[in-house]
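A short write-up of the structure that comes next.
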Amino acid sequence: MTKQLDIAIIGGGASGFFAALNIPLGHRVSILEESPNFLRKVKISGGGRCNITHHEFDVRNFIKNYPRGQKELISPFHQFQAQDTVEWFEKRGVKIIAENDGRMFPSTNSSQTIIDCFLKEAKKNNIQLQQRKIINIKKEDEKFHLTFANDTVQTFDRILMATGSSKSGYELAKKLGHTITPLAPSLFSFKIKHPLLKDMAGTSFKNIYLTVEVDHKKFKERGDLLITHWGLSGPAILKISAWAAREFKQANYKAKLTIDFGY
């Protein structure tokens, strides 16, 4: 008989819940989140619609959309890829549909559908949701001892870090002896002050071409564009920000942007 383990998932976002839900039944699993709002970023993702994955089920083609770590992702995606994600949700009553550009959303076009699915499954699997701010972590005698903000300590047999870009998550990882590579923000909109954008907030364009020249390198992208109150956003902007993330940081976020509307 498998020994029952106490397992802590640190981080109450999509990755934390998905990890917890895929742990075999029989273990005591807790999701620890310092915010009172579990799945907060799921709520606002995809403009409130929640972009689940992309309709590209060939692993070799799928990884081409990752700016970094393509080689390292080959093996994990052969074990669980986009098609598996779609099937996982559909087995739980959530229908996923693809748009013309390949992005996939719940058929309800509401991120709340995904949140409800995760919470329902967590309850069914007896996963404990705890609002806890972790201030220290240490490993001793093959156990993980977590100290919380109220100075209480809880011990677990296993932990899984699912803290995303949280600074506190990186600090906890360091306490366990991990090293962190240089970081750079990614998937961000552009802040631009230009007279041509004045009074055009909310205007969108389909299938435009972008070229960004930054740190002596050129990056190109194609997709939808949205004019905002502060500059530009939309899928094309977010994607090109990911490809040029490190170069943007190196250049202190100064770059030349060219837009070809193709009309």
Is the closest side-chain heavy-atom distance between [X] and [Y] below 4.5 Å?
{"X": "Leu226", "Y": "Ile237", "answer": "no"}
{"X": "Phe261", "Y": "Leu225", "answer": "yes"}
{"X": "Trp243", "Y": "Glu221", "answer": "yes"}
{"X": "Ile10", "Y": "Ile137", "answer": "yes"}
{"X": "Phe205", "Y": "Ile227", "answer": "yes"}
{"X": "Gln79", "Y": "Asp84", "answer": "no"}
{"X": "Thr211", "Y": "Glu213", "answer": "no"}
{"X": "Val94", "Y": "Ile52", "answer": "no"}

When clusters are formed by joining ILVMFWY residues with side-chain heavy atoms under 4.5 Å apart, either directly or through shared neighbours, do [X] and [Y] land in the same one?
{"X": "Leu32", "Y": "Leu129", "value": "no"}
{"X": "Leu21", "Y": "Ile7", "value": "yes"}
{"X": "Ile44", "Y": "Phe188", "value": "no"}
{"X": "Leu160", "Y": "Leu176", "value": "no"}
{"X": "Ile127", "Y": "Ile114", "value": "yes"}

Taking all non-hydrogen atoms of both residues into account, name the closest pair between [X] and [Y] and its distance.
{"X": "Leu238", "Y": "Ser189", "result": "CD2-N, 4.0 Å"}
{"X": "Val42", "Y": "Cys50", "result": "CG1-SG, 3.9 Å"}
{"X": "Ile96", "Y": "Glu90", "result": "N-OE2, 3.5 Å"}
{"X": "Arg60", "Y": "Ile74", "result": "NH1-CD1, 3.2 Å"}
{"X": "Ala245", "Y": "Arg68", "result": "CB-NH2, 3.9 Å"}
{"X": "Glu247", "Y": "Val214", "result": "O-CG2, 3.6 Å"}

- Item | Pair Glu34-Ile134, side-chain contact (heavy atoms from CB on, under 4.5 Å): steps then yes or no | CA-CA 7 Å; Glu34 64 179 37; Ile134 303 168; over 6 Å; no
Strictly distance-based, threshold 3.5 Å: is any side-chain N or O of [X] a donor or acceptor partner for the main-chain N or O of [Y]?
{"X": "Lys41", "Y": "Ala14", "value": "no"}
{"X": "Asn109", "Y": "Arg49", "value": "no"}
{"X": "Asp58", "Y": "Asn61", "value": "yes"}
{"X": "His27", "Y": "Leu5", "value": "yes"}
{"X": "Asn51", "Y": "Met104", "value": "yes"}
{"X": "His54", "Y": "Asp101", "value": "yes"}
{"X": "Asp224", "Y": "Asn207", "value": "yes"}

Could you check whether [Y] and [X] have their ring centres less than 6.0 Å apart?
{"X": "Phe248", "Y": "Phe219", "result": "no"}
{"X": "Trp88", "Y": "Phe18", "result": "yes"}
{"X": "Phe118", "Y": "Phe89", "result": "yes"}

- side-chain contact (heavy atoms from CB on, under 4.5 Å) evaluation trace for Arg40 with Glu33: CA-CA 11 Å; Arg40 176 175 55 88; Glu33 167 61 47; over 6 Å; no
- Query: Do other residues, nucleotides or ligands put more than 12 heavy atoms under 6.0 Å from Asn150 CG?
  - Reply: yes
- Message: Out of the candidates Thr228, Val212, Leu210, only one should pair with Phe190 under the side-chain contact (heavy atoms from CB on, under 4.5 Å) rule; please name it.
- Response: Val212
- Under the side chain to side chain donor-acceptor pair (under 3.5 Å) test, residues paired with Ser204 that sit two or more places apart: none
- Message: Restricting to side chain to side chain donor-acceptor pair (under 3.5 Å), what partner residues turn up for Ser30, sequence neighbours left out?
- Response: Gln130
- Message: Test salt bridge (charged side-chain N to carboxylate O under 4.0 Å, His left out) on Asp215 and Lys217; report intermediate values, then the result.
- Response: CA-CA 6 Å; Asp215 197 25; Lys217 296 181 181 179; 5.7 Å; no
- Test Thr85 against Thr53 for side-chain hydrogen bond (donor to acceptor under 3.5 Å, both in side chains), laying out the working first. CA-CA 8 Å; Thr85 301; Thr53 186; 5.2 Å; no
